[in-house]
**Student:** 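Right, I'll just put the structure down here and ask away after.
Just so you know, these numbers use all the heavy atoms, side chains as well, and skip hydrogens, waters and symmetry mates. Reminder, nothing fancy here: chain letters follow the sequence lines and each chain counts from 1.
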There are 2 protein chains.
Amino acid sequence: MASDLSPARRRSRRKAARPGEIVEAALRLFAERGYAATKLEDVAAAAGIGKGTIYLYFATKEELFRAVVRQAVLPNLQAAVELAADPDRPAADILRVLAERFLVMLQSDLTAIPKLIVAEAGNFPALAQFYADEVASKGMALIRGILARGIARGEFRPIDLDGALPLFSAPFLMLALWKHSLGRHTDIQIDPRAVVAAHLDILLRGLAAKATP
Amino acid sequence: MASDLSPARRRSRRKAARPGEIVEAALRLFAERGYAATKLEDVAAAAGIGKGTIYLYFATKEELFRAVVRQAVLPNLQAAVELAADPDRPAADILRVLAERFLVMLQSDLTAIPKLIVAEAGNFPALAQFYADEVASKGMALIRGILARGIARGEFRPIDLDGALPLFSAPFLMLALWKHSLGRHTDIQIDPRAVVAAHLDILLRGLAAKATP
DNA sequence: TACTACTGACCGACCAGCCGGTAAGTAGAA
DNA sequence: TTCTACTTACCGGCTGGTCGGTCAGTAGTA
């Protein structure tokens with residue numbers, strides 16, 4: 001990464017690039033160790049800079065945390081909203097594409113964000129609220145819209161929308177958490193592709209209006 | 001709780017009861033704040049004793065954590081295993097009873113354990129491994145058995161078992177995490193009963209062999 | 001008096017945040 | 001091109017506060 005400490009390049013000025021590098025390094029370490037157990041000194045080392053430099057760009061550790069969450073979350077959410085807006089696609093199709101995109105995201109550290117939020121919600125109420133409003137709330141509205149459209153068009157049978165809302169995302173959450181916690185410490189193998197395939201298979205069949213061969 | 005500090009009753013406590021009281025208080029605080037952010041001094045206060053007393057029963061904070069997890073997890077797991085062992089019940093029935101039991105557990109703080117494990121797996125590999133082997137592994141074996149039996153009997157259609165394994169528990173995990181993190185910091189209401197009902201409805205229909213009216 | 005469950009002041013390691021100092025880079029003059 | 005004067009990104013040793021863990025002492029019991 002950006003950690004080439006060779007004296008030559010060390011002091012090069014990169015004011016514009018620094019914040020992004022720091023956030024990236026912080027995400028990596030937060031994902032691995034959690035917020036409390038991550039030392040800013042280590043974040044600095046991982047970013048290839050000195051500890052003091054972090055404070056040129058972020059006032060406190062907490063603010064760095066907020067930046068990490070914001071940077072990781074907002075672009076992806078935006079993309080998902082746009083996808084779902086397409087009024088011509090069948091609902092089942094949209095769900096499949098969303099699932100596909102998740103599998104790609106699962107390669108990166110982005111999916112550690114839910115783990116961090118879950119762990120630290122109690123200690124950072126403001127951050128929790130931000131996430132609840134910006135991500136959870138919008139995400140649920142998104143799914144609700146897709147399901148409602150599917151029902152309206154006769155793709156899906158009528159169901160209790162409120163109850164069904166969390167069901168689409170639950171397996172994705174589980175896969176994300178697994179990857180960044182237990183999955184690292186056991187031999188049990190979970191194949192995300194298989195899980196997602198089974199999920200779509202069972203969910204779409206469970207939702208389907210009467211006739212599905 | 002156990003925090004009656006009236007000098008009269010204070011010393012009359014018996015050695016046998018202490019560990020359980022401490023573990024109970026610790027679970028409450030860990031659930032609320034997470035492991036790192038919980039001070040042993042506060043645990044002691046919540047248990048109505050002095051800080052030093054904790055060290056009469058637990059060598060370190062980490063060992064107390066392990067005790068909390070063990071005490072919260074093992075009895076419930078045992079009960080679930082016994083339930084699933086009943087060879088006469090239809091598979092769908094067993095899943096319904098498990099779901100029902102989860103809703104009861106959700107009233108207590110026990111469901112904060114997954115949150116703690118997810119958050120701290122990276123920092124306590126041994127604990128993560130314990131949980132992976134004792135809970136995740138056994139839990140998955142349990143579900144696998146139930147699904148396999150359902151398929152063998154023609155209740156369920158044949159599906160990819162490995163992929164479908166995590167799907168049953170995913171919504172429960174989500175409900176547990178929601179209750180102990182985001183749910184505390186937002187107005188969004190999620191009704192666990194409705195989610196579980198929708199889950200069983202959709203899952204069982206998605207799994208069902210051909211004929212389901 | 002002897003015993004023991006318990007206490008809480010204290011210690012030391014740890015780390016977020018600070019700040020005086022360093023040197024990379026720049027611009028203007030010659 | 002080269003020198004000098006200046007700016008500022010960057011560094012890392014230090015401090016103050018926090019908290020896990022200790023232990024000499026207290027109070028209840030027999």
**Student:** Could you tell me whether A:Lys138 and A:Glu134 make a salt bridge, using a distance below 4.0 angstrom between a side-chain N and a carboxylate O?
**Tutor:** yes

**Student:** If I take atom CG in residue B:Leu56 and atom P in nucleotide D:dC23, what distance separates them, rounded to the nearest angstrom?
**Tutor:** 13 Å

**Student:** For B:Arg193, check side chain to side chain contact (heavy atoms under 4.5 Å, CB included) against everything at least two apart and list the hits.
**Tutor:**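 In terms of side chain to side chain contact (heavy atoms under 4.5 Å, CB included), with neighbours along the sequence ignored, B:Arg193 is linked to B:Glu100, B:Leu103, B:Asp191.
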
**Student:** Whole angstrom is fine here: how far is it from CG in B:Asp42 over to P in D:dC19?
**Tutor:**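 Nearest whole value for this atom pair: 8 Å.
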
**Student:** Identify whether NZ of Lys or CZ of Arg in B:Lys61 sits under 6.0 Å from the centre of the six-membered ring of B:Tyr55 and within 45° of that ring's axis.
**Tutor:**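 No, a cation-pi geometry is absent between B:Lys61 and B:Tyr55.
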
**Student:** Around atom CG of A:Asp187, are there more than 12 heavy atoms of other residues, nucleotides or ligands at under 6.0 Å?
**Tutor:**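 Incorrect, the count does not exceed 12.
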
**Student:** Tell me the interatomic distance from B:Phe58, atom CZ, to D:dT22, atom C1', rounded to whole angstroms.
**Tutor:** 18 Å

**Student:** Rounding to a whole Å, what distance do you find between A:Ile22:CD1 and D:dA9:P?
**Tutor:**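 Going from A:Ile22 (CD1) to D:dA9 (P), I get 13 Å.
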
**Student:** Report, as a single string ordered 5' to 3', how protein heavy atoms within less than 4.0 Å touch nucleotides 11-18 of chain C: B base, S sugar-phosphate only, - not at all.
**Tutor:** ----SBB-

**Student:** Check this for me, if you would: do A:Glu62 and A:Arg66 make a salt bridge, where the nitrogen-to-carboxylate-oxygen distance has to be below 4.0 angstrom?
**Tutor:**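 Counted as a salt bridge, because a side-chain N and a carboxylate O are separated by less than 4.0 Å.
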
**Student:** Output the distance between atom CG (A:Leu95) and atom CZ (A:Phe156), rounded to the nearest 0.5 Å.
**Tutor:** 5.5 Å

**Student:** Between C1' on C:dC6 and OH on B:Tyr57, what's the gap in Å once rounded to a whole number?
**Tutor:**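 My rounded result for the distance is 8 Å.
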
**Student:** Less than 4.0 angstrom between a side-chain N/O of A:Thr53 and OP1 or OP2 of D:dA9, yes or no?
**Tutor:** no

